[in-house]
Amino acid sequence: MYFSGTFIPTLRETPAEAESISHILMLRAGYVRQLASGLYIYLPLAWRVMNRINKIIREEMDAIGAQEISMPGLHPADIWQKTGRWSDIGDEMFRLKDRGGRDMCLGMTHEEIITWLASMELRSYRQLPQTWYQMQAKFRDEARPKSGILRTREFIMKDSYSFDKDEDGLKESYRKHAEAYHRIFQRCGLKFHQVQSDPGMMGGATAHEFMAPSPAGEDTIVLCKCGYSANTELALSVPPPQKLKGDEKDRALEDIATPDKRTVTEVSGFLKADPSCFIKSLLLIGKDGPFLALVRGDQELHEKKLTEITGEFRAAQKDEVKTILGVAAGFIGPYNNTLKKIADISLKDGTYISGANKEGFHTRGIKPGVHFQAEWHDIHVAREGDTCSTCGAEIMLEKAIEIGNIFQLGTKYSLPLKAVYLDENGKENPVIMGSYGIGPARIAASAIEQNNDKDGIIWPQSIAPFDVEIIPLDAESEIVELTGTIYKGLIDEKLDVLIDDRDERPGVKFKDADLIGIPYQIVIGKKGLKEGVVELKSRRTKETEKIAPSEVVKKVIGFFQSRIVGT
RNA sequence: CGGGGCGUAGCGCAGCCCGGUAGCGCGCCUGCUUUGGGAGCAGGAUGCCGGAGGUUCGAAUCCUCUCGCCCCGACCA
């Protein structure tokens with residue numbers, strides 16, 4: 001393939017709208033162009049990358065017996081109404097009407113559609129299990145598209161769905177997917193972690209996400225050397241012990257005046273006690289009335305965790321605090337009142353200061369369990385410095401990009417859509433489902449985020465748009481002929497090769513080659529040929545090897561012998 | 001949806017405060033010279049200054065409205 005015949009509009013300068021590294025590099029290196037917020041055009045180089053990623057995904061999905069199909073992107077509303085998601089999902093769903101006035105939507109995902117298909121076609125346990133997948137556009141009217149192709153309003157997703165006759169079957173399908181995902185991301189050359197995740201709107205009990213560590217990531221994951229790994233949206237952790245000064249531990253219960261000091265920071269400064277010696281008391285209104293959520297002064301309340309325990313709640317308003325507790329927010333505490341209390345586990349031991357439920361006063365010497373009773377749960381946000389709730393070692397936190405997820409759905413969709421089968425005894429049962437997604441564009445973006453330098457992209461071998469770029473520096477016949485010979489030698493070995501045949505100065509070609517990030521460059525110039533060599537450069541290490549023209553093809557082929565692992 | 005920023009040539013930006021001929025760099029076109037890390041010289045093309053309305057003799061510049069894009073947060077199958 002010739003550079004001159006391939007549309008690769010590189011940019012010398014960084015477009016103003018780009019922020020994240022992958023976004024900047026994809027624009028500068030001529031991979032993508034933006035149509036509108038969250039809508040991107042994939043130019044030839046990017047499309048080649050996507051095709052390579054998709055090929056890897058297909059191979060691994062096929063290897064676990066998944067069958068590729070294709071479903072429409074445009075859906076009738078009634079199926080979504082049956083599962084309740086037509087109303088559960090808000091503005092994020094693109095909705096429209098057809099000419100007959102029927103409600104339609106653009107598919108955000110395909111559980112409804114595939115379950116409809118299953119309900120029409122699956123009859124007998126003899127047909128199970130089934131796994132069907134597709135590569136299809138998904139449409140989500142994101143509140144805030146961002147970071148180039150990382151979060152867009154239309155994107156391709158590989159989504160697969162498993163149908164089993166029982167929970168054991170589901171677990172097996174789930175395990176197979178997890179293993180296939182490991183192989184896919186490994187082959188794509190990514191660093192990644194499998195972490196526990198919140199099933200959220202998908203329903204079901206068990207879910208994992210595959211996360212590619214990157215500062216550009218929108219999620220934070222908790223990792224421990226013991227193998228515990230979870231998204232911070234549900235990660236458990238043990239905060240470090242409270243920092244008590246010598247005399248505070250056995251202090252007797254006592255009210256102290258703290259005029260106008262309301263926040264933990266203010267009172268902590270005023271009383272010269274560490275924030276970890278305070279109990280932060282939050283008055284919340286749940287569906288069964290008001291209750292107190294208690295976290296240590298140096299901790300943050302994790303609202304999602306609390307919601308799991310109590311159901312939906314909201315913060316009490318200022319006047320409600322007054323009505324319910326008879327004191328202004330800022331002086332409320334767990335001691336001396338009868339409200340239901342949910343307390344974080346970090347408060348179980350120790351001696352604390354908290355609001356006295358008396359205007360202008362705090363109480364110190366509070367011993368949880370002695371001076372108040374509560375339901376104990378992990379309701380704090382895990383963070384750096386905490387230890388693992390499983391093994392006690394210190395946990396690590398990392399920003400990461402969600403590149404894939406797997407869900408055990410159970411019967412959330414098969415029940416409302418009546419996807420049932422007859423078992424060996426002629427008894428009707430709902431099909432047990434799983435759903436599994438991968439975002440190929442996010443794989444590409446993550447690969448760039450994890451593999452770049454000041455000069456541009458460094459593609460993992462497996463997903464680079466080309467394997468080798470040949471850079472002839474002159475148009476004289478000897479060089480042109482040698483270029484052709486080497487090119488043929490490489491493509492005969494099924495390598496994808498780009499020849500920079502443009503009438504550009506060497507510097508321009510070198511800069512562009514580094515920018516677009518093809519793993520190997522073969523430079524053919526007069527200077528080298530005088531010594532009887534061409535130059536073979538690794539984009540990643542920048543090392544250049546002078547090598548006889550007759551040897552270079554063999555050498556390069558050697559780099560691609562094991563195409564299993566990238567980098 | 002809340003907060004902030006930005007829309008001027010293909011790209012990056014200046015000009016706006018203080019109204020008076022729309023500029024710079026890169027890119028693009030032509031010619032000559034050059035040719036191993038984004039060449040030099042000479043010449044050239046390119047703008048509904050995001051849009052609409054208003055104030056004014058006169059608006060890129062002031063006012064109002066509007067559309068778009070980016071960032072932070074909220075949200076996120």
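As the structure is a prediction and not an experimental result, all values here were calculated from the model. Chain letters run A, B, ... following the sequence lines, proteins first and then strands; every chain starts at 1.
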**Q** For B:A77, does either OP1 or OP2 sit under 4.0 Å from a side-chain N or O belonging to A:Ser435?
**A** no
**Q** Counting heavy atoms from C-beta on, name the nucleotide in B:U35, B:G25, B:A74 closest to the side chain of A:Arg144.
**A** B:A74
**Q** Between B:A74, B:G36, B:G12, which nucleotide has the shortest distance from any of its atoms to the side chain of A:Ala16?
**A** B:G12
**Q** Measure from the ring center of A:Tyr133 to the ring center of A:His110 and say whether it is less than 6.0 Å.
**A** no
**Q** Taking the side chain of A:Ser37 as its heavy atoms from C-beta onward, which of B:C70, B:G36, B:G12 lies nearest to it?
**A** B:C70
**Q** Using atom P in both nucleotides, what's the gap between B:U34 and B:C41 to the nearest angstrom?
**A** 15 Å
**Q** Could you check whether A:Tyr436 and A:Phe407 have their ring centres less than 6.0 Å apart?
**A** no
**Q** Under 6.0 Å between ring centres, would you say that holds for A:Trp459 and A:Tyr31?
**A** yes
**Q** Does the cation-pi check pass for A:Arg95 over A:Trp80, that is, NZ or CZ under 6.0 Å from the six-membered ring centre and within 45° of its axis?
**A** no
**Q** Using the P atoms only, state how far B:G10 lies from B:C49, rounded to an integer number of Å.
**A** 12 Å
**Q** CD of A:Glu19 versus P of B:C69: gap in Å, rounded?
**A** 17 Å
**Q** Counting only side-chain N and O atoms of A:Gln34, is one of them less than 4.0 Å from OP1 or OP2 of B:G68?
**A** no
**Q** Between A:His182 and A:Phe210, is the ring centroid distance below 6.0 Å?
**A** yes
**Q** Testing the basics here: between A:Val381 and A:Gln299, what is the closest heavy-atom pair and its distance to 0.1 Å?
**A** O-OE1, 4.1 Å
**Q** Say you pick atom C1' in B:A59 and the same atom in B:C18; how far apart are they, in whole Å?
**A** 14 Å
**Q** Which one of A:Thr483, A:Ile471, A:Val552, A:Leu482 satisfies the side chain to side chain contact (heavy atoms under 4.5 Å, CB included) criterion with A:Ile522?
**A** A:Val552
**Q** Return a single string for nucleotides 41-48 of chain B, one symbol per nucleotide in 5' to 3' order, where B is base contact, S is sugar-phosphate-only contact and - is none, cutoff 4.0 angstrom on heavy atoms.
**A** --------
**Q** Mind checking the C1' distance from B:C62 to B:C16? Whole angstroms is fine.
**A** 10 Å
**Q** Quick test: give all pairs of protein nitrogen or oxygen and nucleotides 37-40 of chain B nitrogen or oxygen below 3.5 Å, distance rounded to 0.1 Å.
**A**
residue : atom : partner  : partner atom : Å
B:G37   : O6   : A:Lys537 : NZ           : 3.2
B:G37   : N1   : A:Asp514 : OD2          : 3.0
B:G37   : N2   : A:Phe510 : O            : 3.3
B:G37   : N2   : A:Asp514 : OD2          : 2.5
B:G38   : O2'  : A:Arg12  : NH1          : 2.4
B:G38   : O2'  : A:Arg12  : NH2          : 2.6
B:G38   : O6   : A:Arg28  : NH2          : 3.1
B:G38   : N1   : A:Asp512 : OD1          : 3.1
B:G38   : N2   : A:Asp512 : OD1          : 3.3
B:G38   : N2   : A:Asp512 : OD2          : 3.4
B:A39   : OP2  : A:Arg505 : NE           : 3.3
B:A39   : O4'  : A:Arg505 : NE           : 3.4
B:A39   : N9   : A:Arg505 : NH1          : 3.3

**Q** May I ask you to say what A:Ala18 touches in the nucleic acid, namely base, sugar-phosphate or nothing, with a heavy-atom cut-off under 4.0 Å?
**A** nothing
**Q** I need the single residue from A:Leu117, A:Ile79, A:Asp78 that forms a side chain to side chain contact (heavy atoms under 4.5 Å, CB included) with A:Glu112. Which is it?
**A** A:Ile79
**Q** Would you say that more than 12 heavy atoms from the other residues, nucleotides or ligands in this model lie under 6.0 Å from the CG of A:Asp98, or not?
**A** yes
**Q** Which whole-number value in Å describes the distance from A:Glu142 CD to B:C1 C1'?
**A** 15 Å
